[in-house]
2 protein chains.
Amino acid sequence: MKFIHKGGTAFIKEKNKRNILHCIKGDGPLSRTEIAERLQLSKPTVSAIVEELLNEKWIKESGIGVSKSLGGRKPIQLVFNCRAAYVIGVDIGGTKVRIGISDLDGNLLDVDEFSTQNHIHSSFLHAIKERVEMLLEKQGMMNGEILGMGIGAPGMTDVDRGIVIDAPSLGWSNYPLKKEAEALFPWPVLVDNDVNVAAIGEQWLGAAKGLSNVVLIAIGTGVGCGIIINGQLYRGATWAAGEIGYMVTDAAKAKGANLSTPHEGYGFLERFTGGPGIVQSMQHELKGRPADHSFPRDFTARDVFQKARQGDPDALQVINEVIDHIGFAVANVISIINPEIVLLGGGISKSADWFMPRIQNIIQDFASVSAPVKTTAFGEDLGVVGAVSLVLRETESVLKEM
Amino acid sequence: MKFIHKGGTAFIKEKNKRNILHCIKGDGPLSRTEIAERLQLSKPTVSAIVEELLNEKWIKESGIGVSKSLGGRKPIQLVFNCRAAYVIGVDIGGTKVRIGISDLDGNLLDVDEFSTQNHIHSSFLHAIKERVEMLLEKQGMMNGEILGMGIGAPGMTDVDRGIVIDAPSLGWSNYPLKKEAEALFPWPVLVDNDVNVAAIGEQWLGAAKGLSNVVLIAIGTGVGCGIIINGQLYRGATWAAGEIGYMVTDAAKAKGANLSTPHEGYGFLERFTGGPGIVQSMQHELKGRPADHSFPRDFTARDVFQKARQGDPDALQVINEVIDHIGFAVANVISIINPEIVLLGGGISKSADWFMPRIQNIIQDFASVSAPVKTTAFGEDLGVVGAVSLVLRETESVLKEM
DNA sequence: AGAAAGTTAGGAACCTTTACTAACCAACCC
DNA sequence: GGGTTGGTTAGTAAAGGTTCCTAACTTTCT
């Protein structure tokens with residue numbers, strides 16, 4: 001049974017109010033009459049609610065519009081006041097933490113960042129608090145103007161309870177991030193997986209803007225995937241949806257591999273496509289080579305990529321195999337989810353132009369239906385924007401549609 | 001923007017009415033006071049709506065309950081009237097069509113079936129009409145008592161427009177099933193993919209009863225999968241979600257295979273796990289055998305299964321490979337969807353007890369999280385029950401929760 | 001004058017609170 | 001033991017306050 005809205009008629013007003021605000025927010029400047037038509041409400045009802053929204057500063061009158069050709073009074077245009085409140089987005093990554101402050105339209109007003117390694121565990125949130133206070137001061141904002149804070153964490157997250165169940169790169173296990181953060185900040189805090197956060201960010205303002213069924217695949221140290229279904233983030237029964245890193249795209253290889261020892265905690269796909277996996281495959285490939293090769297002693301996945309692009313046959317073979325596995329994984333996800341779009345993000349996406357055709361060929365040949373595959377529109381701010389949108393969409397405020 | 005409910009306060013009554021009905025329907029005999037407490041409504045409001053529901057025969061007073069230990073008036077128990085209306089479910093399969101008539105609790109009152117092959121195209125619906133009229137007469141029901149008809153069709157289906165986009169086994173392509181059916185019957189008709197229909201059937205009354213995140217994998221001629229997410233059927237952006245038959249679980253094999261010629265229209269997985277695929281693999285395996293083997297000349301997948309169970313090493317190898325591919329496919333789906341349960345259905349599920357452990361091992365070893373794998377609870381009536389539940393859940397009637 | 005935007009006034013529908021009756025249990029007293 | 005009394009629970013009735021809508025109005029513009 002869903003949440004029961006006590007208080008009878010107050011509910012319907014709340015609903016209308018939200019819908020009106022949503023309407024103005026979404027479809028630009030509108031007059032009271034236009035809203036009444038769109039929402040099938042009477043003009044007096046709209047006027048009364050608009051009055052309230054104006055008083056609460058959620059909307060503004062933005063001058064007079066143009067009248068219809070036949071004459072008549074000109075409409076008073078209403079616009080969403082994106083400076084009615086602000087939202088803080090925090091993107092906790094394996095290497096750095098980015099903190100941004102945004103208005104309600106998702107415009108980042110300022111961003112700051114610091115290295116993850118310098119602050120462990122409890123000092124972590126204090127470091128964030130410091131930066132946030134600096135940002136607020138710089139913008140001349142009061143605490144009361146902050147609607148909330150969204151945090152994207154690199155690991156499996158229980159969104160309801162705000163607990164990061166497992167974040168290997170931070171050493172977090174069942175860390176009550178929401179609770180700890182809300183003890184430090186005077187506003188509500190929402191927490192989610194970084195990939196999920198990225199997905200709603202892209203769906204809000206990025207490459208998947210306005211689409212209802214979106215898959216975002218982030219390829220970095222691991223491989224994760226955020227799934228938006230029917231316009232809503234789908235997190236799975238136990239917050240583990242989208243663990244595409246475990247997808248097996250080669251049964252023979254999977255059965256042959258010794259699972260327990262080398263890559264504990266990582267899935268099949270991640271071993272081949274993650275940074276460490278690429279390096280390892282390359283090292284394996286290099287064994288049969290003369291010692292005077294052009295690879296640095298401690299090379300990274302990026303080096304392998306570069307070599308492959310330059311035409312090094314061994315590197316190319318390694319990378320091609322990686323691309324193929326990713327391609328099959330993407331094709332498999334498309335066959336299951338049938339999304340409107342697939343977004344590729346993470347470190348690997350920088351080389352997208354180069355390997356995209358190969359992936360698209362695999363999709364063409366093996367997926368049940370096709371789907372456009374693109375790279376994420378946001379760069380390093382994606383996590384922050386996503387965290388902001390987490391607050392704006394998941395919070396039970398006037399801003400949410402009903 | 002969602003559907004706008006015009007008419008202000010009438011909406012809230014509708015909502016309350018539905019919630020009260022849903023409450024009684026779901027949680028057995030309940031008194032007015034209990035409903036008021038559960039739904040946070042006042043007693044008079046509940047009384048008024050209950051009055052209406054009684055008049056409309058949706059509910060009945062079922063005698064007096066027991067009073068609390070402390071004394072006081074005994075409550076009047078209210079129960080859902082599952083005979084307030086009836087629903088017709090039609091399961092169109094490749095070989096036969098099953099038609100059932102059900103009450104609102106999903107009890108099948110009667111079922112009839114006929115062979116698919118005998119009736120093609122336009123005569124198809126007339127054959128259904130005949131059977132339906134017979135069933136109604138037998139039950140002594142009037143047309144007005146039928147709430148609607150649900151149809152499960154074996155192919156990709158546009159549910160909104162009621163068009164079967166592609167059903168190879170029937171030779172249907174963009175067949176406007178809903179429109180044609182509604183021209184013949186005086187009640188609303190809903191159409192969906194047979195696997196989707198099966199999924200909501202199992203979620204309604206079967207092995208996944210009450211669960212919100214369910215995956216049903218049907219293995220028969222092809223391999224399909226119905227996905228329920230957040231309690232709702234997920235059909236994909238272009239009605240193609242769950243095409244698990246296209247999942248690639250062996251990249252090497254996939255790349256080696258010549259895709260265009262042998263199995264046009266079937267996916268990678270289906271070639272190995274579908275009936276024809278099994279036969280073909282077995283034939284390949286048998287080539288190296290002496291001619292006087294125990295296989296019939298034209299054996300089926302079922303024969304291969306049987307042989308394997310009896311210990312025939314070649315058959316066992318073929319079947320084990322099939323099971324493995326299914327296992328990896330299931331594991332992959334679990335890693336992506338993270339469902340509460342995975343249901344296996346279709347012809348293959350009869351041998352479930354035998355191969356289930358093998359699948360569970362693969363999930364254990366390769367999926368990111370575990371999920372219970374069970375077989376469907378319904379047998380041959382699953383499609384009919386699912387079609388009934390399609391009407392009950394997707395139709396905009398008093399019966400739907402709000 | 002005609003047309004369109006927005007406001008005011010009156011009325012209907014809905015829910016809630018408060019107060020009531022009906023029905024029932026339990027204990028108590030003669 | 002049987003009737004009476006007090007407390008408890010179920011359900012109903014009346015009053016009050018939302019909300020919305022329709023219809024008529026004013027204002028502003030061509």
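Residue numbers start from 1 in every chain, and the chains themselves are labelled A, B, ... in the order their sequence lines are given, proteins ahead of strands. The analysis underlying the following values was restricted to heavy atoms, covering all of them including side chains, and did not include hydrogens, waters or symmetry mates.
Using a 4.5 Å heavy-atom cutoff, the side chains of A:F11 and A:N16 are not in contact.
Here the P atom of nucleotide D:dT9 and the CD atom of B:Q77 are 16 Å apart, to the nearest Å. Look at CG on A:L41: it is 14 Å from C1' on D:dT22, rounded to the nearest Å. One interatomic measurement links the two molecules: CD1 of A:I20 to P of D:dT19, which rounds to 13 Å at whole-angstrom precision. We find that NZ of A:K13 is positioned 16 Å from P of D:dG17, with the value rounded to whole Å. When the P atom of D:dC29 is taken as reference, atom CD1 of A:I76 falls 10 Å away, rounded to whole Å. The interatomic distance linking B:F11 (CZ) with D:dC21 (C1') rounds to 17 Å, in whole Å. Here the C1' atom of nucleotide D:dA10 and the CD atom of B:E61 are 12 Å apart, to the nearest Å. Rounded to whole angstrom, the span from the CD atom of B:E52 across to the P atom of C:dC14 amounts to 8 Å.
Side-chain atoms of B:R32 lie closest to D:dG11 of the nucleotides C:dA5, D:dT19, D:dG11. Side-chain proximity of B:K43 to the nucleotides D:dT19, C:dT7, D:dT12 is greatest for D:dT12. The A:S42 side chain lies nearest to D:dT22 when the options are D:dT19, C:dA4, D:dT22. Nearest nucleotide to the side chain of B:P44, out of C:dT18, C:dG6, D:dC21: C:dT18. Residue A:S47 places its side chain closer to C:dG6 than to any other of C:dG6, C:dA13, C:dC15.
Between the side chains of A:N338 and B:T238, at least one donor N or O sits under 3.5 Å from an acceptor N or O.
Distances shorter than 4.0 Å separate some side-chain N or O of A:N16 from OP1 or OP2 on D:dC20. Residue A:S31 places at least one side-chain N or O under 4.0 Å from the OP1 or OP2 atom of C:dG6. Between A:T45 and D:dC21 there is a side-chain polar atom (N or O) within less than 4.0 angstrom of OP1 or OP2.
In this structure, B:E394 pairs ionically with B:R235, as a charged nitrogen and a carboxylate oxygen lie closer than 4.0 Å. Note on B:R18 versus B:E401: no salt bridge recorded, every NZ/NE/NH1/NH2 to OD/OE distance being 4.0 Å or above. By the 4.0 Å N-to-carboxylate-O rule, B:D105 lies too far from B:R83 to be salt-bridged with it.
Among the atoms of the strands shown, only primed sugar atoms or phosphate atoms (P, OP1, OP2) are found under 4.0 Å from some heavy atom of B:T33.
Closest-nucleotide positions on DNA chain D for A:I64 and A:A48 were compared, and the one nearer the 5' end corresponds to A:A48.
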